[in-house]
Amino acid sequence: MCGIVAYVGDRDAQEVILKGLFRLEYRGYDSAGVALIDGGKISVRKKEGKLSGLAAMLAREPLKGHIGIGHTRWATHGEPDTPNSHPHTDCSGRIALVHNGIIENYLELRVALLEEGHRFSSQTDSEILAHLIEKYYAGDLLEAVRKAVSDAEGAYAIAVISERNPDEIVVARKSSPLVIGMGEGEYFVASDVPALLEYTNRVIYLNDNEIARLTRGGMSIYDLGMRRVEHTPSTIEWTLEQAEKGGYETFMLKEIYEQPDAFRNVLRGRILPGNNGVNLGMEKIAEETIRSMEKIFIVSCGTACYAGMGGRYLLEYHTDLSVEVDYSSEFRYRNPKLGRNTLVMTVTQSGETADTLASLRMAKEKGCPVVSIVNVVGSTIDRESDGVIHTYAGPEIGVASTKAYTAQLGALVLFTLYVGSVRGQMEEEEIRRVIAELCALPEKIERVLRVEAQVAAIARKYYRAKSAFYLGRGFNYPNALEGALKLKEISYLHAEGYPAGEMKHGPIALIDKEFLVVCLCTKGEKYDKMISSIREAEARGGRIVAIGTEGDRNLKDIAEDVIFVPETLEELSPIINVIPLQLFAYHIARLRGCDIDKPRNLAKSVTVE
Ligand code: M6R
């Protein structure tokens, strides 16, 4: 997830674009750049690091002009350094482009372009588009962009300028957001409304597979078949602060709602044709390493650790591997038996968590290969791991991790499929079955999100509770831990996650008429056992809120409240089932008047021990 901004009109383009980028910094902040047509020539300024670095550079060496593009980056392909930052140019430097999204077939396009003589200056997927536009350019920029995007598979929102068409910006989009702001004799382009709200509240949202030419004199929009498309402008009524959160009241809620797209991103470009397997692009981890592995340690903290626990269930279910999971803060001080045939996997959103990094270094010292699941590209853990599976969830700003968790679970499913296939322990048919269901999950997550109003009503019944248990079994036991963590960290209501079968061994003594018991009881092998645990809690007076599979009438008789979710494979059910738990924690915290995005005593990234 990156931020793009573009401007054409009479204003100082550098000022408009830079201000817009600052408004979009929440979309990415590892490098930034602008390109303006200055005296008939394209000039580019770009810099790794925070946007303030670019602003300082532009203050020293300003660009002049009334048309330009800008970008604030959240790296996906290639390090967050200056060459990889946007704008990217073609070989001649006469075409410049900013891109948000992921081009899935970029490797194949890059090889073809190299053979045709194009020279690349970055490792990004985005630069491909600049060279494709160069290849197709024959005087009409819009036509060249149209042909270029027709070759690209994946997601893109782009803005392009060319010295030879110095009065126009061409924009296009597919599966990445792009909004056009309309002024008097001027147009603003951005990934998101906050970048342009200072200047106009009349906007149009470009649809997938549409392309537009913007000049001072007007705007024309086409589909990819070059048929004219008409849009009716909308009026934005949000304040700037509301707009930064996409109209949501907090970043956490926005991020909860970003999960369908975040999940699409984790799968993007990784599923082989015909659902026959996955490609994780971990060049540095040889298949032989995967074949000779005897044990995996999954090491991480907090929510990432619960995702790791979910990974253990997946790997043990589908492969013959022995898997151990530990908190990084414990693992680094234990004396685990590590060797060449032990793979250590770290899971981390930030890639900077101190204990996880120390665990990674310890594993490497002992000669273990390390594979990490990381959201922040270019983070220390990203750089120091032998193999990395990026989650591509985009920046997570709310302290409570939500979209990173479901993306981590998605990455762990992909890793399991990869290991199962390389080690010959998963039949092709089984791989296809899991992949088909995996691809159906974004749409199912969208469906689950529709329960928010019901969850909010249930939260109103329980928000004064003193304490809560979250119960689950098997694949959903780690989810019980995650649900409880979400509740305690943002609402300060005491909650504990338990494997349901453990209740009888002590915790059940706590249950009385005040006690809230949240049960993960969707259909699967452990369903009957979960029902027994619910009955035990109910018999002690516990107030039961159950997460159940759509159509399960049985649960309604046992639980005080049931939140129904769509059916999926049991092994994938945590990805669906956690969504109502996130929403439940959210609404309880809201009713308790908590500062949801910045809970007390917590930091987003724990970089000290
Ligand atoms: O950046 P990481 O994924 O390594 O962070 C790990 C934990 O600090 C993090 O998941 C934390 O538990 C969150 N606040 C949970 O919502």
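All ligand and atom numbering here is 1-based and tracks the order in the structure.
Counted by atom type alone, Ser126 and Tyr156 present zero donor-acceptor pairs between their side chains at under 3.5 Å. For the residue pair Asp382 and His390, a side-chain donor N or O sits within less than 3.5 Å of a side-chain acceptor on the partner.
With Arg264 as reference, Glu446 is the one residue of Glu258, Glu104, Glu446 to meet the salt bridge (charged side-chain N to carboxylate O under 4.0 Å, His left out) rule.
Less than 4.0 angstrom separates some heavy atom of Ala304 from each of these atoms of ligand 1: 3 (O), 10 (O). Numbered from 1 in the order shown, with element, the atoms of ligand 1 that lie under 4.0 Å from a heavy atom of Val399 read 13 (C), 14 (N), 16 (O). Interface of Lys486 with ligand 1, defined as ligand atoms under 4.0 Å from a residue heavy atom, comprises 15 (C), 16 (O). Less than 4.0 angstrom separates some heavy atom of Ala400 from each of these atoms of ligand 1: 16 (O). Set against the non-hydrogen atoms of Gly302, the atoms of ligand 1 under 4.0 Å away are 12 (O).
In this structure, Thr353 and Cys301 approach most closely via the heavy-atom pair CG2-SG, 3.7 Å.
For ligand 1, none of its N or O atoms has an N or O atom of Gln408 under 3.5 Å away.
Summary of contacts: the protein heavy atom closest to atom 1 (O) of ligand 1 is Ser350 OG, 2.6 Å. Nearest protein heavy-atom contact of atom 11 (C) of ligand 1 is Thr303 N, 4.2 Å. Shortest contact from atom 14 (N) of ligand 1 to any protein heavy atom: Glu489 OE1, 2.9 Å. Protein heavy atom at the shortest distance from atom 4 (O) of ligand 1 is Thr353 OG1, 2.5 Å. Taking atom 7 (C) of ligand 1 as the reference point, the nearest protein heavy-atom neighbour is Cys301 O, 3.6 Å. Scanning the protein heavy atoms around atom 8 (O) of ligand 1, the nearest turns out to be Val606 CG2, 4.1 Å.
Look at Lys295 and Glu324 and you find a salt bridge, because one of the NZ, NE, NH1 or NH2 atoms lies within 4.0 Å of a carboxylate O, short of that distance. In this structure, Glu48 does not pair ionically with Arg73, as no charged nitrogen and carboxylate oxygen lie closer than 4.0 Å. The pair Lys444-Glu437 meets the salt-bridge criterion, with a side-chain N (NZ, NE, NH1 or NH2) lying under 4.0 Å from an Asp/Glu carboxylate O.
Which of Glu352, Gln349, Lys604 comes nearest to atom 3 (O) of ligand 1 through a heavy atom is settled by distance: it is Gln349.
Distance SG/Cys305 to CD/Glu482: 10.5 Å, rounded to 0.5 Å.
The distance between the ring centers of Tyr470 and Tyr498 does not fall below 6.0 angstrom.
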